[in-house]
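The model shown is predicted, which means the values in this text are computed figures rather than measured ones. Throughout, a chain's letter reflects where its sequence line sits, starting with A, and its residues are numbered from 1.
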Number of protein chains: 2
Amino acid sequence: MLYRIGEVAKRTDCKVETVRYYEQVGLLPQPYRSDSNYRLYSEEHLAQLRFIRHCRSLDMPLEDIRNLLTLREQPHEHCAEINTLVDKHIRRVNEQMASLGQLRKSLLALRGQCAGPGSSDTCEIVRELSACECHQE
Amino acid sequence: MLYRIGEVAKRTDCKVETVRYYEQVGLLPQPYRSDSNYRLYSEEHLAQLRFIRHCRSLDMPLEDIRNLLTLREQPHEHCAEINTLVDKHIRRVNEQMASLGQLRKSLLALRGQCAGPGSSDTCEIVRELSACECHQE
DNA sequence: TACAATCCCTCTAGTAACTATAGAGTCAAG
DNA sequence: CTTGACTCTATAGTTACTAGAGGGATTGTA
Ligand SMILES: [Zn+2]
Ligand SMILES: [Zn+2]
Ligand SMILES: [Zn+2]
Ligand SMILES: [Zn+2]
């Protein structure tokens, strides 16, 4: 059973262009081709694309996915490498969360500066943005 | 007192190329030029660049900063517009935090799947990534 | 059989916000 | 006078797609 690209895209919840893109950057092997040069995908292709899409839904970079695919191909176990890779990603996500938390605090503080219209000549928010300490000097 | 681009970059903690980039996309007005065609910046330029950099440190998109700069220029108060803009950004940050939180949960669950080397033929992490439910069908 | 609506193809360029080259000119110190 | 640090322009690369142009293929319907 072979599927055309539109079918494949629908089944993996991604756009046709994205499927072609994965092929272009070497994440997805070349599909078969019909007489009219249409791409034709097997179940294996579909499975690999699902793998990729699920990794992407976890926000893994394509480079990591590439590595995971290689590890998956090989017959041996690679728990160590795989765990390292996932742990690194978890660390990235933790860092992003931390910095977003900081950001949120700063933004709320900034937002609190505005005392409402009429309270001053220029909005305190703009004043704060202009006269910060961190970017002076 | 006029500053060359390297000095300006150092004082605002950004790269020389970034300063030129802001000029190119119209966030920073054209500086003066020396006889040898070097960019020369006034204190006003410096202040505006600080404004931009501080907004960027809050992760505001350049488009928002452009709008803030316009609002700042005008003599009247614009608390309403400014607050709307900041609130929208805060909402974006909140959304990002929420989705990162979800992501973290999923990743930790995935990480927990690995029972260590020797426990199975292929690492459970890879198995989980291959056989997810969300990307089937 | 004719025709329209979909599908698919390749190739190219655009997105955000920079970053990094290449190849050249300028300037101050030793 | 030469070395090194600075600057200039113009162009391309980064990430992971997305959108479009301009063309063929397929499918369903009248
Ligand atoms: Zn205000
Ligand atoms: Zn600041
Ligand atoms: Zn394992
Ligand atoms: Zn999935």
Spatial distance of atom CG (B:Leu71) from atom CD (B:Glu81) [nearest 0.5 Å]: 5.5 Å
Side-chain donor-acceptor pairs of residues 46-57 of chain B under 3.5 Å, sequence neighbours excluded:
{"unit_1": "B:Gln48", "atom_1": "NE2", "unit_2": "B:Leu27", "atom_2": "O", "d": "2.9"}
{"unit_1": "B:Arg50", "atom_1": "NE", "unit_2": "A:His135", "atom_2": "O", "d": "2.9"}
{"unit_1": "B:Arg53", "atom_1": "NH1", "unit_2": "B:Tyr22", "atom_2": "OH", "d": "2.8"}
{"unit_1": "B:His54", "atom_1": "ND1", "unit_2": "A:His135", "atom_2": "ND1", "d": "3.3"}
{"unit_1": "B:Arg56", "atom_1": "NH1", "unit_2": "B:Met60", "atom_2": "O", "d": "2.7"}
{"unit_1": "B:Ser57", "atom_1": "OG", "unit_2": "B:His54", "atom_2": "O", "d": "2.6"}

Taking any atom closer than 4.0 angstrom to a non-hydrogen atom of chain A, what span of DNA chain C does the protein reach, first nucleotide to last? C:dC7 to C:dT10
With a 4.0 Å cut-off on N to O distance, would you call A:Asp64 and A:Arg92 a salt bridge? yes
Under 4.0 Å between a Lys/Arg side-chain N and an Asp/Glu carboxylate O for A:Glu7 and A:Arg11? yes
Charged N-O contact under 4.0 Å between B:Arg20 and B:Glu23: no
Reading 5' to 3' through nucleotides 7-19 of chain D, protein heavy-atom contacts under 4.0 Å coded B for base, S for sugar-phosphate only, - for none: SSB------BBBS
Using atom types as modelled and distance alone, determine if a side-chain donor or acceptor of B:His89 lies under 3.5 Å from a backbone N or O of A:Leu107. no
Which of these, A:Lys10, A:Glu43, A:His45, sits in a side chain to side chain donor-acceptor pair (under 3.5 Å) with A:Tyr3? A:Glu43
